[in-house]
*Asks:* 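A single structure is presented below for examination.
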2 protein chains.
Amino acid sequence: MSKERPTIADVATRAGVSKGAVSFALNGRPGLAQTTVDRILAAADELGWRPSNRARSLSVSKAFALGLVITRDPGVLSSDPFFPAFIGGVESVLAPRGQALVLQVVAPGEGEEAGYRRLAQDGRVDGVFLSDLRHNDPRIDLLTSLGLPAVTLNRPEVPSPFPAVCLDDRPGTIAVVQHLVELGHRRIAHVAGPQDFVHATARTEAFVSALAEAGLQPAAIETSDFTAIGGIESTKRLLALPDRPTAIVYANDRMAIAGMGAAQQAGLRIPDDLSVAGFDDSELAEFVHPGLTTVRADPHAFGEAAARTLNQLIDGDGSAVPDVELPPARLIIRRSTANLEDS
Amino acid sequence: MSKERPTIADVATRAGVSKGAVSFALNGRPGLAQTTVDRILAAADELGWRPSNRARSLSVSKAFALGLVITRDPGVLSSDPFFPAFIGGVESVLAPRGQALVLQVVAPGEGEEAGYRRLAQDGRVDGVFLSDLRHNDPRIDLLTSLGLPAVTLNRPEVPSPFPAVCLDDRPGTIAVVQHLVELGHRRIAHVAGPQDFVHATARTEAFVSALAEAGLQPAAIETSDFTAIGGIESTKRLLALPDRPTAIVYANDRMAIAGMGAAQQAGLRIPDDLSVAGFDDSELAEFVHPGLTTVRADPHAFGEAAARTLNQLIDGDGSAVPDVELPPARLIIRRSTANLEDS
DNA sequence: TTGTACGCGTTATCAC
DNA sequence: GTGATAACGCGTACAA
């Protein structure tokens with residue numbers, strides 16, 4: 001057992017051909033007789049040879065890896081249900097292709113741009129996923145100037161040269177509002193995410209327009225930050241309103257669950273005194289008390305689609321890669337929402 | 001603006017020296033006159049040259065990256081508070097050194113071994129983190145045979161050639177039990193994690209021995225799976241016991257929060273009818289109703305220490321790298337635990 | 001300090 | 001149509 005890893009030269013010698021021939025055989029390129037190909041592949045197999053990633057990387061100027069930069073403080077990221085499942089979806093596409101996923105977690109602010117720069121300049125990745133899109137997102141220009149291919153998760157409102165993989169949050173939000181309206185609620189409030197995020201404002205706008213559709217106005221809109229503590233503070237303010245809302249639609253489950261706790265702490269019973277709905281269908285949503293009505297997307301499928309699209313872009317000739325539209329999130333009704341009359 | 005990226009040869013030409021000299025200057029190695037070094041560095045700076053990772057990788061046979069394989073189904077991983085913070089800690093060490101983190105999420109079973117194999121054979125990483133240690137963990141032998149450096153998060157009970165970075169779960173668990181005992185509880189049950197995990201059994205053993213210290217026996221021990229649904233099922237079984245426990249110690253927050261919901265659903269009031277404690281101090285723990293008594297570790301510091309240790313191992317001469325012991329997790333008392341007499 | 005071989009595939013150019 | 005040869009990508013390291 002030689003400890004040394006075999007190289008393409010070893011395979012070539014063993015098969016009695018040149019290095020180039022081995023390369024051609026492995027990559028299934030024409031110009032070799034079938035018998036030769038078989039002989040080469042057999043030799044490679046016997047030697048247990050696999051091409052060196054590093055040599056290939058240098059030679060073809062590709063990293064065979066994709067990058068994901070998550071821009072959040074670790075505190076906020078913690079218990080976020082989206083990324084683990086998203087990454088799982090990404091992996092399911094990358095693994096069979098021998099690609100790797102390079103992950104960066106950076107705090108909002110300075111670290112972000114540097115993160116993308118590093119990924120690009122070090123040639124670590126062949127492309128990146130752009131998540132948590134913001135208004136006037138500077139990363140679009142940044143990546144364009146870096147020449148790094150990307151896909152955006154949902155569509156930015158600035159002109160973007162990158163394909164977008166979209167999962168529309170709005171139908172789910174609209175369904176929540178309709179559901180509450182049907183239950184008889186008229187004073188419905190919203191606890192939104194940070195309005196610099198495109199998906200946060202999308203949910204807010206969907207909330208407002210769905211209410212308008214029913215001839216209603218928002219009871220109140222609180223801009224929060226997707227965290228539990230933020231959800232609590234917003235909830236307290238809403239509950240202190242002279243005309244207290246009878247239902248609150250939160251932009252994510254974390255705020256909803258925390259808000260529910262705050263309301264209960266304040267002596268309110270859910271859903272009798274207050275209906276509550278979340279967004280994400282995180283694992284705990286089903287199991288808190290009462291079970292949280294929420295909206296469920298499919299982050300795993302999102303990851304798969306995004307990875308496939310990014311690879312299309314990277315592998316493709318320069319032709320445009322079409323956007324991908326995923327099935328929208330849908331309403332999951334549980335016990336935290338109920339008829340207004342029941343109270 | 002030439003679009004081409006400068007190479008070491010460009011720098012050498014500009015500084016009027018050879019490639020080798022540039023390499024020496026950049027790596028701060030002796031044997032060059034200071035004036036020459038300055039001239040070379042200036043030239044590199046003017047050209048904006050940075051050494052190519054890929055060429056360096058091929059040349060020195062290093063990846064300049066570390067790997068983390070997370071072996072969980074995405075469903076379980078979701079809302080796990082440990083990894084995001086841990087990864088944040090890892091990044092804080094890697095980023096300044098220009099290293100990258102390669103992440104793999106694989107489902108338990110077949111995918112795992114292949115994941116490590118791929119990382120090793122593709123030369124993607126220079127070392128890996130071994131988390132979620134199991135009894136007779138096959139990965140120790142696997143990595144040894146692959147020749148891939150590693151650090152283990154906590155100490156495996158099989159002989160391991162790798163340094164261990166440890167954060168002892170037991171003091172926290174013991175403190176929980178003592179806290180409950182002081183509150184007057186005598187029938188205390190435990191909902192454990194899967195017993196193939198070392199940290200799950202460690203918590204279970206700490207639970208048992210802390211009770212024994214107080215002259216008590218476990219009211220019951222349920223082996224569960226760290227998931228919300230698992231926590232609920234175990235809780236239901238515990239509550240159906242003829243001699244219902246007055247307190248339940250869960251091996252993580254997720255099961256605790258879900259279990260709390262189940263108990264409330266069953267008409268029990270917490271903490272009046274049942275005290276509940278978790279483990280992790282996840283974000284929601286503070287904000288569910290009632291706030292969850294739990295145990296808090298510092299996964300960010302864990303990540304930092306693990307990354308530093310792994311790098312020591314990789315960079316070091318063959319000498320042994322010492323294990324690292326982190327400050328133990330500590331008890332966080334909230335409203336979910338109360339005096340038995342209050343009920 | 002310099003020159004050059006080396007790490008390891010890929011690919012363009014040539015020859016049979 | 002088959003296959004060999006050699007240059008290339010870009011630092012690193014050793015002999016000179």
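To find a chain, count down the sequence lines: A is the first, B the second, and so on, and within it residues start at 1.
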*Asks:* Using only atom types and a distance under 3.5 Å, with no angle test, would you say the side chain of A:D10 pairs donor to acceptor with the backbone of A:L47?
*Replies:*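 Here the side-chain-to-backbone pair does not exist.
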
*Asks:* On the six-membered ring of B:Y116, is B:R139 placed so that its NZ or CZ lies under 6.0 angstrom from the centre and within 45° of the ring axis?
*Replies:*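 The answer is no, since B:R139 fails at least one limit relative to B:Y116.
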
*Asks:* Counting side-chain heavy atoms from C-beta on, which of C:dG9, D:dT2, D:dG11 comes nearest to A:A33?
*Replies:*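 Of all the options, the side chain of A:A33 is nearest to D:dT2.
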
*Asks:* Counting heavy atoms from C-beta on, name the nucleotide in C:dT11, D:dG9, D:dT12 closest to the side chain of B:L58.
*Replies:*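 Between C:dT11, D:dG9, D:dT12, the one nearest the side chain of B:L58 would be D:dG9.
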
*Asks:* Using a heavy-atom cut-off of under 4.0 Å over every strand shown, decide if B:L26 touches base, sugar-phosphate, or nothing.
*Replies:*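 No contact.
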
*Asks:* Between C:dT10, C:dT11, D:dA4, which nucleotide has the shortest distance from any of its atoms to the side chain of A:V17?
*Replies:*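 Selected nucleotide (nearest to the side chain): D:dA4.
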
*Asks:* Can you see if the side chain of B:R56 gets near the phosphate of C:dG7 - specifically, an N or O under 4.0 Å from OP1 or OP2?
*Replies:*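 Negative; the distance criterion is not met.
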
*Asks:* Output the single nucleotide from C:dT1, D:dT12, D:dT5 whose closest atom is nearest the side chain of A:S18.
*Replies:*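 For A:S18, the side-chain atoms sit closest to D:dT5.
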
*Asks:* Rounded to the nearest Å, what distance is computed from the CZ atom of residue A:F24 to the C1' atom of nucleotide D:dT2?
*Replies:*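 So the CZ-C1' distance, A:F24 to D:dT2, works out to 11 Å.
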
*Asks:* Counting distance only, does the side-chain N/O of A:T144 pair as donor-acceptor with the main-chain N or O of A:I140 below 3.5 Å?
*Replies:*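 Yes, the answer is positive, given that a donor and an acceptor are paired below the 3.5 Å cut-off.
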
*Asks:* Is the shortest heavy-atom distance from the side chain of A:V90 to the side chain of A:F129 under 4.5 Å?
*Replies:*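 When only atoms from C-beta onward are counted, A:F129 and A:V90 do touch, with a gap below 4.5 Å.
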
*Asks:* Is any side-chain N of the basic residue among B:R117 and B:D122 closer than 4.0 Å to the acidic one's carboxylate O?
*Replies:*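 The answer is no: the pair does not qualify as a salt bridge.
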
*Asks:* Roughly how many Å is it from CD1 in A:I8 to C1' in C:dC6, rounded to a whole number?
*Replies:*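 In whole Å, C:dC6 C1' and A:I8 CD1 are 16 Å from each other.
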
*Asks:* Please list, chain by chain and in numerical order, all residues satisfying side-chain contact (heavy atoms from CB on, under 4.5 Å) with A:F24, sequence neighbours excluded.
*Replies:*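 Residues passing side-chain contact (heavy atoms from CB on, under 4.5 Å) with A:F24: A:R29, A:L32.
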
*Asks:* Given C:dT11, C:dT10, C:dT1, identify the nucleotide with an atom nearest to the side chain of B:T36.
*Replies:*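 Of C:dT11, C:dT10, C:dT1, C:dT1 is nearest to the side chain of B:T36.
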
*Asks:* In this structure, how many angstroms lie between the P atom of C:dG7 and the CG atom of A:D10, rounded?
*Replies:*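 To the nearest whole Å, that distance equals 11 Å.
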
*Asks:* Which label fits B:F82 and B:F86: parallel for a plane angle under 30°, tilted from 30 to 60°, or perpendicular past 60°?
*Replies:*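 The rings of B:F82 and B:F86 lie parallel, inter-plane angle below 30°.
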
*Asks:* Looking only at side-chain atoms of A:S52, point me to the closest of C:dA5, C:dT1, C:dG9.
*Replies:*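 The answer is C:dG9.
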
*Asks:* Using five pairs at either end of the helix from C:dT1-D:dA16 to C:dC16-D:dG1, determine the angle between the two local helix axes and round it to 10 degrees.
*Replies:*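 The value is 60°.
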
*Asks:* Round to the nearest Å and state the distance from B:R39 atom CZ to C:dT2 atom P.
*Replies:*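 Taking CZ of B:R39 and P of C:dT2, I get 8 Å after rounding.
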
*Asks:* In this structure, how many angstroms lie between the C1' atom of D:dG11 and the CD1 atom of B:I40, rounded?
*Replies:*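 Atom-to-atom, B:I40 to D:dG11, this comes out as 14 Å.
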
*Asks:* For A:A21 and B:V37, find the nucleotide of DNA chain C closest to each by heavy atoms; which residue's nucleotide sits nearer the 5' end?
*Replies:*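 The 5'-side residue here is B:V37.
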
*Asks:* Are the charged groups of A:R50 and A:D45 less than 4.0 angstrom apart, N to O?
*Replies:*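 No, A:R50 and A:D45 are not salt-bridged.
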
*Asks:* Ignoring backbone atoms, test whether B:S57 places a side-chain nitrogen or oxygen under 4.0 Å from the OP1 or OP2 oxygen of D:dG11.
*Replies:*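 For D:dG11, neither OP1 nor OP2 has a side-chain N or O of B:S57 closer than 4.0 Å.
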
*Asks:* Please tell me if A:R29 has a side-chain N or O lying less than 4.0 Å from either OP1 or OP2 of C:dT11.
*Replies:*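 Yes, such a contact exists.
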
*Asks:* With DNA chain C as reference, determine whether A:P6 or B:G16 sits nearer its 5' end, using the nearest nucleotide of each.
*Replies:*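 Counting from the 5' end, the first nearest nucleotide belongs to B:G16.
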
*Asks:* Atom CG of A:N27 and atom P of C:dC8: how far apart are they, to the nearest Å?
*Replies:*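 Whole-Å distance recorded here is 18 Å.
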
*Asks:* Taking atom C1' of D:dT12 as reference, at what distance in whole Å does atom NZ of B:K62 sit?
*Replies:*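 About 13 Å, once rounded to whole Å.
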
*Asks:* Can you tell me if the side-chain N/O atoms of A:W49 get under 4.0 Å from OP1 or OP2 in C:dC8?
*Replies:*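 The answer is no; no side-chain N or O of A:W49 sits under 4.0 Å from OP1 or OP2.
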
*Asks:* Grab the NZ-P distance between A:K19 and D:dA7 for me, whole Å please.
*Replies:*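 In whole Å, D:dA7 P lies 12 Å from A:K19 NZ.
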
*Asks:* Please state whether the phosphate of D:dT12, meaning OP1 or OP2, lies under 4.0 angstrom from any side-chain nitrogen or oxygen of B:S23.
*Replies:*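 It does, given that an N or O in the side chain of B:S23 lies less than 4.0 Å from OP1 or OP2 of D:dT12.
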
